[in-house]
Structures are given as structure tokens and as C-alpha cells.
Peer 1: 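What follows is a structure written as C-alpha cells; I'll ask about it next.
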Amino acid sequence: MSISPAWSDAVTAAQLFAVDPVGTGGVLLRSRAGPVRDRWMALLRAALPPDQPYKHLPLHIADGRLLGGLDLSATLLAGRPVAERGLLSEADGGVLVVAMAERLQSSTNVYLTAAMDAQETAVERDGLSLRMPARFGVVALDEGIDDEFAPAGLRDRLGFHLDLDQFAWRDTEDFPVELDAILAAREWLAGIKVESEQIEAICTAAAALGIVSLRAPLLAIRAAKASAALFDRRTIEQDDITLAARLVLAPRATVFPQQEPPDQSDEPPPPEPPPPPDDNSENNDQQEPPTPDLDKALDEVILAAVKAAMPPGVLEALRASAGRSRSRSAGKAGELQKSKKRGRPAGSLRGELRDGSKLNVIETLRAAAPWQPLRRRQAEGRPGSAPRVLVEKDDFRIARFKQRTETITIFVVDASGSAALHRLAEAKGAVELLLADCYVRRDQVAMVSFRGTIAEILLPPTRSLARAKRSLAGLPGGGGTPLAAGLDTAFMMADSIKRKGQTPTVIVLTDGRANIARDGAPGRPQAEEDAKTSARQFRVAGINAVVIDMSPRPGPQAEAFAKEMDARYLPLPHADATVLAQAVTAAARAG
């Protein structure tokens with residue numbers, strides 16, 4: 001069975017991370033759950049010392065458990081504030097495994113990356129002021145598909161980026177892990193120095209690969225030091241530099257490095273050929289073979305190693321994902337909205353029990369705990385036995401929640417002119433495509449049409465595909481272009497949707513050539529002015545909108561009133577229903 005060299009590099013990355021978890025930052029493991037990932041995690045676990053902390057970070061962990069703070073039960077029993085360590089502090093000196101990193105909450109990501117930078121956690125709450133050490137490495141398990149990625153700030157701090165989805169089970173193998181060698185490498189790591197020429201070469205190679213982050217060269221240097229220590233070397237050699245470049249720089253490359261051709265005018269003349277050998281020389285048979293070019297720049301060697309490590313087509317995928325942070329999936333396009341009763345927990349707030357609010361019992365007791373000694377002394381002189389825990393009105397903490405609102409996409413279709421049949425056909429096709437998976441997207445679709453002198457609602461907000469087909473069948477087209485009337489109708493619907501707590505997205509399909517004013521009178525100048533006035537309503541209300549110019553020859557008219565709407569302008573003269581549906585999905589996510 002032949003083992004892939006890429007799998008060998010993945011195993012080596014696990015060993016280098018085990019040598020220096022804090023210095024290398026960690027490993028971004030892009031892989032779905034399966035036997036390949038389990039094998040790699042088992043190899044990593046075998047490479048770590050048995051007594052080293054190995055913690056798992058839950059996806060929806062509370063801030064108090066993450067950072068630490070007041071130990072509620074111990075405080076209530078002792079009658080004085082008792083602190084407890086958080087998960088980040090408990091992982092000090094070890095490894096923290098973050099499952100489903102692509103869905104990591106933004107607040108958790110902030111606390112995690114801040115602790116990685118400061119190597120400690122700070123707690124200023126519940127009457128406590130603590131500083132606890134938190135030196136750990138991170139293994140981020142990224143199980144995202146398509147456009148889901150772990151947060152960019154976390155990815156940037158992890159030295160090794162591995163994609164295990166490229167491996168089949170037959171391509172992997174259990175490598176023997178020498179724990180004694182890794183422990184010895186940890187002892188030697190601090191004494192290994194890096195030369196200034198090596199630092200310059202790594203930085204030069206990173207710039208040539210289009211890597212703008214300053215952390216990448218630093219992580220590559222730490223990986224090179226770990227490599228030297230692992231292979232029992234006291235100094236960093238070229239092999240360590242090239243290995244670090246393959247594992248750290250190659251996954252971050254965004255451009256393919258091109259070597260500039262040498263300037264022929266400044267090139268020195270070739271050296272003269274050596275004199276012919278002397279046949280009378282006694283040492284003629286002992287001439288040394290020609291030696292390779294040892295003066296080749298180290299940064300060129302690094303670039304050559306990176307090029308060799310790049311599989312075909314990887315740069316195209318990197319360009320597509322460069323700069324993208326974790327994006328919302330299709331079913332999460334709605335805005336986040338505060339809620340008192342349901343949704344994802346979003347902490348607590350001091351308040352009163354009214355309007356259906358829910359009491360957060362744990363946080364209420366946590367707020368009351370530091371005051372128990374004082375309150376018990378004050379209650380000693382009162383008649384009757386004092387309760388075990390004294391809770392006052394100021395201690396009440398109200399639970400807060402956040403939930404994503406429902407998204408409603410409103411198509412505003414120009415049904416006037418000779419191109420009306422084409423626009424209506426593609427719009428109806430896009431509506432049907434979006435409704436086909438509306439239960440996955442959790443949204444609704446509506447349609448407004450304008451032609452002649454009026455605008456009408458063809459399809460109220462709905463999830464029903466059958467209802468949409470009945471409402472959109474046999475729509476007439478032709479006549480004038482009352483663009484202002486269409487925008488006014490769409491705005492009233494969008495404003496009503498927004499007042500209900502939902503998220504409207506307006507998609508306008510037109511060529512922008514308005515010729516019917518708001519009062520129904522013909523005339524292009526007044527019609528264009530009315531259209532701009534109607535368009536400004538969307539900008540003032542902050543409604544997400546997209547203008548799709550479907551004219552065979554897109555002109556400045558549609559782009560002009562798109563600017564008045566503060567909407568994205570997309571000239572798609574030959575768009576079909578599939579392209580329109582994709583544009584709508586992208587607009588909903590961006591909004």
C-alpha cells in the first residue's frame with residue numbers, strides 16, 4: 001500500500017504541533033467526521049504527554065464557564081466569594097479542541113483569540129478581579145461545506161492548515177509516534193536560535209506568495225524550530241525551513257510566485273572554460289565531479305518547496321476563499337433580533353420580571369452571592385429565621401435571547417415594453433427555484449409587477465410553490481413603465497414586513513427607462529424624477545435592495561436610480577432563472 005506524501009506531511013504537522021503547541025498556535029483541521037480524522041486525532045493524542053491538559057470547547061459555552069468567575073455553589077456554602085477557573089485557564093499548558101469551528105460564536109471567538117495573544121484570561125466580574133494563565137494550542141475542527149469557514153481571526157493564528165477530506169482511508173497509515181523524542185525536543189526547543197538570513201528568506205517567500213499576514217512568517221519560524229528540535233538538530237537547517245514553508249506558507253498562498261527573467265543586459269559574461277586536463281598529471285583520475293549550485297538563494301528554495309507542495313487547482317480554490325470569513329448559510333439570511341422568550345441565549349441583563357421576561361436563576365444567584373455576608377449580618381436583628389440566600393430586587397437578571405428573523409424576498413418586475421415576456425418568464429423561474437427549497441432557506445417570496453399606469457401585487461408573501469404557480473400563470477405584459485408606482489408598492493410591502501420583525505430583500509428587474517409619472521401622466525423627465533424620489537425611500541429606511549438591469553444593452557438609467565436606492569447594481573442582460581436565483585441568494589446573505 002502506497003502512502004500519500006501529503007498524509008506524511010499531515011502526520012509531521014501533528015508531531016511539530018505536539019513539540020510546540022503554544023508557539024505554533026495550533027492546527028486548522030478542515031475535515032468532516034470520519035475514520036481519517038479519527039486516525040489523525042489519535043496520532044496527535046499519542047504524541048502529547050499523558051499528563052498534559054486536553055480540553056474540548058463546547059459550541060455554545062457560556063462566558064462564565066469559558067473565562068471563569070464566581071463559583072456559585074462554593075460561594076453560597078462558604079458565605080464569601082470563591083473563584084473558579086474557566087475552561088481557557090484549565091487548558092493552560094495543553095491543547096484545546098474546538099469542534100464545529102465554522103459555527104463558533106463571535107463572542108467566544110473574541111475571548112479565545114484574545115487569550116491566545118495574551119496567554120492569560122482576565123476576569124472582572126462578580127466582585128472579582130483575576131488574572132489566570134492560559135497558554136495552550138488549539139485544534140480547530142472545521143466541518144463547514146461550501147462557503148462556511150472558521151473565523152478569519154482564529155485561522156490566522158493557527159500555524160498548520162490541513163485538509164483531510166482529500167484522503168481516503170487507504171491513503172492513510174498509523175505512523176509510530178516516539179513520545180520520548182517529542183519530550184526531548186521540547187527540552188531542546190528553547191535553545192534553538194534562528195538566523196537573520198533565515199527570517200529574511202521566510203518573509204521574502206511569504207510576500208512572493210501573496211501572504212499579507214505578519215503572523216504567517218512568525219508561525220513558520222516556530223515550526224522550523226520545532227522541526228530542528230524534533231530531528232535532534234541544534235541549529236535550524238534548510239530542510240527545516242522548507243518543511244515549515246510547505247506546512248505553514250503553502251496553504252496560505254494566494255498567488256503563484258513567478259520568477260522574473262534575468263536582465264540580459266546586466267548579466268555578467270560567462271566564465272571562460274577551464275583548461276583541458278593535463279594528460280601527464282598523476283591525479284587525473286581523481287578529479288572531483290562538478291558540485292551543485294550551493295549559492296542558490298534560500299527564499300528561492302522555499303518557493304520551490306511551496307510550489308511542489310501545491311496540488312493542481314489549489315490556488316483557484318484559495319482565491320475563491322481568500323478574505324472570506326464565516327458566512328451565513330442559506331437558512332440564516334435573516335437579521336439577528338433580540339427576543340425575550342426564545343432563540344439562542346445571549347447573556348443576561350439586570351431588569352424586572354415583567355412583559356413575559358424570563359428570570360435567569362443562575363445569574364441572579366451569582367449577582368446576589370457576594371453580598372450574602374453583609375445581608376446576613378443586617379438580617380440578624382430581624383424577627384424570624386433568615387433565608388439561606390438573601391436575594392433583592394437589584395439582583396434580578398433577565399435572560400436575553402437572539403433569533404434570526406424570517407427573510408422575505410420581494411421581486412419587483414418591469415412588465416412593460418417588448419422585453420416584458422422575457423423578464424416575467426425569468427422572474428417566475430427564479431421564484432419557483434427559490435420556493436423549491438424554501439423550507440431549507442426558511443424564507444418567503446413575493447412578487448410585484450408594474451406596467452401601463454399601475455403596479456399590482458401578483459404574489460403576496462408565501463412559501464407555497466403551488467400557490468405561486470397559480471398566481472404567476474398567464475401574466476400579461478406590455479405598455480408603459482410606471483417605475484415610481486412599482487417602487488412605491490414594493491416599499492409599502494417591505495415596510496410592512498419590517499414592522500412585523502421580518503427581513504425584507506427587494507429585487508428590482510428593470511431597464512430603468514421610466515416613462516409614466518406617479519400620477520399616471522406620460523412623460524419621461526417627470527417619470528424619472530418620481531422614480532428617484534421613490535427610490536430614496538429604500539435608502540432612508542435601510543431596506544436591502546438589488547437592481548438587476550436585464551436590458552439587452554444596459555444603460556445608465558438603472559444604475560442611476562440604484563444609487564438613489566443605495567442598492568447593488570447588477571447588469572445581467574442575458575440572465576436565466578438559475579442566475580437570478582443565485583444573485584438573490586447572494587444578495588440575501590450580503591444584506
Side-chain angles (χ1 to χ4, degrees), residues 328-339 342-343 403-415 423-451 454-476 482-510 534-535 537-548 565-568 577-578 580-591:
R328 299 189 294 249
S329 63
K332 297 182 179 179
E335 297 176 354
L336 278 174
Q337 188 181 50
K338 295 180 181 179
S339 175
R342 63 179 63 88
Q403 60 180 356
R404 293 203 177 271
T405 61
E406 190 178 41
T407 299
I408 300 180
T409 302
I410 305 172
F411 284 87
V412 185
V413 184
D414 184 353
R423 279 192 293 263
L424 285 171
E426 303 306 343
K428 288 189 290 184
V431 169
E432 293 181 5
L433 287 175
L434 292 174
L435 285 175
D437 63 339
C438 65
Y439 291 103
V440 178
R441 293 175 51 83
R442 301 177 188 172
D443 59 7
Q444 299 184 49
V445 175
M447 180 178 285
V448 173
S449 172
F450 59 93
R451 70 182 187 93
I454 61 172
E456 56 181 335
I457 299 176
L458 301 178
L459 180 66
T462 181
R463 291 193 187 95
S464 173
L465 182 58
R467 179 185 179 187
K469 288 183 176 181
R470 288 196 305 267
S471 300
L472 301 178
L475 292 178
L483 182 55
L487 294 178
D488 288 341
T489 304
F491 176 78
M492 287 188 292
M493 180 184 289
D495 186 61
S496 175
I497 290 170
K498 195 171 183 179
R499 291 177 184 274
K500 295 178 182 177
Q502 298 166 314
T503 303
T505 298
V506 177
I507 310 295
V508 184
L509 285 75
T510 182
S534 300
Q537 301 176 99
F538 293 86
R539 179 175 59 187
V540 174
I543 296 175
N544 182 39
V546 178
V547 176
I548 299 178
M565 293 181 68
D566 193 22
R568 281 176 292 275
T578 303
L580 285 181
Q582 293 173 351
V584 172
T585 303
R589 293 177 185 173

Peer 1: Which residue in the set Ile408, Thr407, Ile410 passes side chain to side chain contact (heavy atoms under 4.5 Å, CB included) when paired with Thr505?
Peer 2: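 For Thr505, the side chain to side chain contact (heavy atoms under 4.5 Å, CB included) test succeeds with only one of Ile408, Thr407, Ile410, which is Thr407.
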Peer 1: Under the rule for side chain to side chain donor-acceptor pair (under 3.5 Å), what residues qualify as partners of Asp495, not counting sequence neighbours?
Peer 2: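 By the side chain to side chain donor-acceptor pair (under 3.5 Å) rule, Asp495 matches Arg499.
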Peer 1: Find the distance between CG (Leu509) and OG (Ser449) and round it off to the nearest 0.5 Å.
Peer 2: 11.0 Å
Peer 1: Side chains of Leu487 and Phe538, heavy atoms from C-beta outward: is any pair under 4.5 Å?
Peer 2: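 They are in contact (side-chain heavy atoms under 4.5 Å apart), so the answer is yes.
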Peer 1: Looking at CD1 of Ile548 and CD1 of Ile507, how far apart are the two atoms once the value is rounded to the nearest 0.5 Å?
Peer 2: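 Answer rounded to 0.5 Å: 5.5 Å.
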Peer 1: Please find the pair of heavy atoms, one from Gly542 and one from Lys498, that lie closest to each other, and give the distance.
Peer 2: O-NZ, 3.8 Å
Peer 1: If every non-hydrogen atom of Gly486 is compared with every non-hydrogen atom of Val448, which pair is closest and at what distance?
Peer 2: O-CG1, 4.2 Å
Peer 1: Tell me, do Ile457 and Met493 make a side-chain contact under 4.5 Å, heavy atoms counted?
Peer 2: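 With C-beta onward as the side chain, the pair touches.
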Peer 1: Taking C-beta and beyond as the side chain, do Asn544 and Arg568 meet within less than 4.5 Å on heavy atoms?
Peer 2: yes
Peer 1: Nearest heavy-atom pair of Pro461 and Ala446: which atoms, and what distance?
Peer 2: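 Looking at all heavy atoms of both residues, the closest pair is N-CB, 3.7 Å.
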Peer 1: Considering non-hydrogen atoms only, spot the tightest contact between Ile543 and Ala494 and give its length.
Peer 2: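 Looking at all heavy atoms of both residues, the closest pair is CD1-CB, 3.7 Å.
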Peer 1: Restricting to side chain to side chain contact (heavy atoms under 4.5 Å, CB included), what partner residues turn up for Ala545, sequence neighbours left out?
Peer 2: Val506, Met565, Ala567
Peer 1: Do Met447 and Val413 have side-chain heavy atoms sitting under 4.5 Å apart?
Peer 2: yes
Peer 1: Who pairs with Phe450 by ring-ring contact (aromatic ring centres under 6.0 Å, His included), at least two apart in sequence or on another chain?
Peer 2: none
Peer 1: Kindly give the heavy-atom pair with the smallest separation between Ala455 and Thr489, and that separation in Å.
Peer 2: CB-OG1, 3.5 Å
